[in-house]
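Presented below is the structure to which this report refers.
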Amino acid sequence: MSENRNTAVRQQYEDFPYPRRDPAEEATRLLRPPMEYLARINHHGWRGAKVFGPEFRALVAGGGTGDSSIFLAEQLKSFGGTVVHLEQSAASIGVARERAARRGLANVTFVQGMIEAAPELVGGPVDYINCAGVLHHMADPQQGLNALAATLKPDGVAGIMVYARYGRYPTEHMRSLFASLGVPEAPSRAEQTALASSLVQHLPATNPFRHADADGSLTAALLKDEHELHDLLLSPRERSYTVPEFHGLAAGAGLKVAGFTGFFLEGGTNASFYRVESYLADPALLARALSKPLEQQQAIAELLHGNIPLHSAYLSRSGRAGAASLSDRSLVPFFFMAPEGGMLAAWSAAARASRPVQIADSYGNGLTVNAVPPITAVAGLIDGRRSISDIMAAASSVPELMFAPNPAGLALQALEALFASFEQFDWLLLGRGQAFAEPQVAGAMLKIIPG
Ligand SMILES: C[S@@+](CC[C@H](N)C(=O)[O-])C[C@H]1O[C@@H](n2cnc3c(N)ncnc32)[C@H](O)[C@@H]1O
């Protein structure tokens, strides 16, 4: 049974390589899957201190048509770092290989094979693994993650995405409906597509999938792209995870969640979905929630949100202890995301208006910014090159800080305040070296909203 399903999963991605990509588009744009920004992985997984060199190896497991491999390879090529693209489907590898060729990328190796055999196929331990949208299709996801963990260096980081239980419900509901109508067993792909397309177009208003897609944009996308239709609604096998189950999956492979992150192609992070503080205004309820261990808080946050569609997270053996902090003064703060005109534009707008302004990203994360002189001054010193020590040293020549009894101490205090609010959304991160000059996600993703 499970062998038949394995074959059916493989056949789906032979027939419909995912996601559907046209290699010719490499000439006009680079797709940047949010989890694969080296600056972000470095901050959350390597305390901001990773040195990227020719020995750096990434594995993209179940790499499909290559989005993650291409983006990693583009970032790694200047350091001499390399990527292994491991994928069972020859058709998917064909697309990924052609994309890499169009970009002139020589640092990706393509391996056709199964994740279960990763330790034998990958040729030695790797620093980073991406495995997105894959484990939940496997017969034994735990065996899959264990095989990946066996290829990971002791300080390695894995960026994992699996479907999440509650937000997946409308899709699971549709899959039950399809199964009861025998749609997946229809004798040809054309027939499966025709039946599925007709059904998604003619659902009653009460149907949860129709509800979840109130503006019809998902249905339109499914009708336009057969690869999306089959990946979302007709895959032969899938499962989904609650937060506790996701932690259990990680722990089963000897890994811990270092941090939840984002997945959609917009650069942001979902980390705030997993914080009870994002939802609970009632102090009594918040105090109850905060009295629980962090993993339970995240489980409560998932129940409060009620509609998280997938979990994407960095896993490592050290977990959250692997995140960068201001205590390493040699690290360089930089604005990972910035609005049009740079992050300083937010404080300038607040100063001009003599009142606070809002900054918001496309993931719904938002903050109020006041023109507080020491914070504005420190924000102005963050240039992606100065280290924390440099910023403290520079404080004695900055008008807003120099007259304080301890300019360096005031600069550090202001930086701590800034870091506490901006780091939770990955707007401000820490790293080392020229590689992470600010900003990495610029422009329309982050907006300044006048107060
Ligand atoms: C939904 S696609 C995701 C592709 C890619 N990771 C992305 O995020 O764009 C899942 C991919 O995993 C591959 N896959 C599934 N199970 C696998 C296994 N056991 N070994 C290798 N590849 C597998 C499929 O062939 C398919 O290309």
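In each ligand, atom 1 is the first atom listed, and ligand 1 is the first ligand listed. Note that the structure is predicted; figures quoted are calculated from it, not measured.
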Between the protein and ligand 1, are there any N or O atom pairs that come within less than 3.5 Å of each other, and if so, what are their names and distances?
unit_1	atom_1	unit_2	atom_2	d
ligand 1	6 (N)	G62	O	2.8
ligand 1	6 (N)	A132	O	2.9
ligand 1	8 (O)	A132	O	3.4
ligand 1	14 (N)	Q88	NE2	3.3
ligand 1	19 (N)	E116	OE1	3.0
ligand 1	20 (N)	I115	N	3.0
ligand 1	22 (N)	Q88	N	3.4
ligand 1	25 (O)	E87	OE2	2.5
ligand 1	25 (O)	Q88	NE2	3.0
ligand 1	27 (O)	E87	OE1	2.8
ligand 1	27 (O)	E87	OE2	3.0

Query - F16: partners by ring pair (Phe, Tyr, Trp, His ring centres under 6.0 Å), with sequence neighbours left out - result: H227, H230
Query - Residues that F273 engages under ring pair (Phe, Tyr, Trp, His ring centres under 6.0 Å), provided they are two or more places apart - result: H305
Ion pair [X]/[Y], N-O distance below 4.0 Å:
| X | Y | value |
| --- | --- | --- |
| R20 | D225 | yes |
| R102 | E98 | yes |
| E74 | R103 | yes |

Query - Which residues share a side chain to side chain contact (heavy atoms under 4.5 Å, CB included) with S217, sequence neighbours left out - result: D213, D215
